[in-house]
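A short write-up of the structure that comes next.
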Amino acid sequence: MRTTLELTTRPPFDFAGTAYSHGWVVLAPNDWDEQRQVLRRVERLGTGKVVSLRVRGPGNARTAGIAVEVESPKRLAKKETEEIARKVGHMFRLDEDLSRFYRECRRRGGHWNRVTKGLGRLLRSPSVFEDVVKTIATTNVQWGGTKKMIAGLTAAYGEPMPGDGLRRAFPTPEAIASAKPKGFAASVRMGYRAPYVHALARQVASGALDLESLHDPERPTSELKKRLLSIKGIGNYAAATLLMLLGRYDDLPVDTVCRDFVTKKYFGGKPPADAEIQRVYEDWGHWKYLAYWFDVWAGIK
DNA sequence: GTCCAGGTCGCGC
DNA sequence: GCGCGACATGGA
């Protein structure tokens, strides 16, 4: 059974640039068809139904906006299609207004002008839980290892797409929590991170920890950061990454990559103190993280 | 075989 | 508060 949904975007919007903004598009259960410029993903809905999604950009389908092709074993209820639209919209941050960031980019000119053509919406997951797990899987490991860990986790604990046992949704906290810690660690090969992920899943599944409540515009970034840092496996770098995924760009992760880049570009190779690094992007105000991100990437691409 | 990865934890000072 | 070793795993 096939259904197509359409999501309206506010131009400028660069679909491929958004999908491939950082590595998330190739972490299971996402994958990216480069030739067709399509993001594929298996998603488990609140009703328990597992569906397969094919997401295309504006102008890459018969729709004016983002087209979401849904493959489902049975006809979808209205609330299910609404859930899909909400989740995909969340992944592509269709609710974020970047016009002030673009204005600042235009003011500076040069390579910053590239960003204003619809970049800046760094892809995220439908749930904070998925993003926290994925972020933990990026620490102290190379990118190939991250991909492998997340693929293994999804293969072991994700619900299969009916009729296609190979493709699975991202595991629910409940599925992970119900596994025995030892068996979990042995099957997912996440190394010393496995206990962190398992404990996190248990807390979320039991209701002791409400990660989704981190989407709270009323709370200051510093408070959200504190809550993130209290999660085992989340340190300074991971917290800053998660704040970015939550739409908070006013915290900069001063990690090895950041330090190397800034030292080279702004300090002539002489390593500055961390406070000096923060100061480089200080005048970007609430857009620090995005400024740093595109300072690194827009110069290359 | 050895090193180390977009780090983080828990300890000792 | 800050410095330091340990930490699972697999690719280079």
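Since the structure is predicted, the reported quantities are computational estimates derived from the model, not experimental observations.
- Rounded to whole Å, atom P of C:dA8 lies 18 Å from atom CG of A:L153.
- Distance, A:L245 CG to B:dG6 P: 18 Å, rounded to whole Å.
- Few gaps surround CZ on A:R108; more than 12 heavy atoms of other groups in view lie less than 6.0 Å from it.
- For A:V257, the side-chain atoms get nearest to B:dG6 when compared with the rest of C:dA8, B:dG6, C:dG10.
- The minimum heavy-atom distance between A:Y249 and A:G120, with the atom names listed, is OH-O, 4.3 Å.
- The distance from atom CG of A:L200 to atom P of B:dT8 is 15 Å, rounded to the nearest whole Å.
- Across all non-hydrogen atoms, the minimal contact from A:R54 to A:R40 is NH1-CD, 3.4 Å.
- Rounded to whole Å, the separation between the P atoms of B:dC11 and C:dA8 comes to 15 Å.
- One N or O donor and one acceptor, one from the side chain of A:Y292 and one from the base of B:dG6, sit under 3.5 Å apart.
- Checking A:Q142 against A:L229, the closest nucleotide of DNA chain B that is more toward the 5' end is the one next to A:Q142.
- When the C1' atom of B:dG6 is taken as reference, atom CE of A:M149 falls 12 Å away, rounded to whole Å.
- At a threshold of 4.0 angstrom between heavy atoms, the contacts of A:A238 are confined to the sugar-phosphate backbone, with no base atom among them.
- You'll find the ring centres of A:F15 and A:F92 inside the 6.0 Å limit.
- Between A:I277 atom CD1 and B:dG6 atom P the separation is 18 Å, expressed in whole Å.
- If you measure from atom CZ of A:R193 to atom P of C:dG10, you get 11 Å, rounded to the nearest angstrom.
- Rounded to whole Å, atom C1' of C:dG1 lies 15 Å from atom CG of A:N236.
- If you check C:dC7, B:dC9, B:dA5 against the side chain of A:K232, the one that comes closest is B:dC9.
- On a pure distance criterion of 3.5 Å, no polar donor-acceptor pair joins the side chain of A:Y196 and the base of B:dG7.
- Remark: C1' of B:dG6 and CH2 of A:W143 are 10 Å apart, rounded to the nearest angstrom.
- The ring of A:W284 has its center closer than 6.0 angstrom to the ring center of A:W112.
- Nucleic acid contact for A:I136: none, since no nucleic acid atom lies under 4.0 Å from a heavy atom of the residue.
- Nearest-nucleotide positions on DNA chain B for A:H22 and A:G233 put A:H22 closer to the 5' end.
- Contact check, A:R189 against C:dG10: a side-chain N or O comes under 4.0 Å of OP1 or OP2.
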Give the intermediate values and the outcome of side chain to side chain donor-acceptor pair (under 3.5 Å) for residues A:Y102 and A:D97. CA-CA 10 Å; A:Y102 289 163; A:D97 181 2; over 6 Å; no

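- Comparing C:dC7, B:dG6, C:dT9 by their closest approach to the side chain of A:N140 singles out C:dC7.
- When the P atom is used for both C:dC4 and B:dG6, the distance is 23 Å, rounded to whole Å.
- Under 4.0 angstrom from either OP1 or OP2 of B:dG7 there lies at least one side-chain N or O belonging to A:T256.
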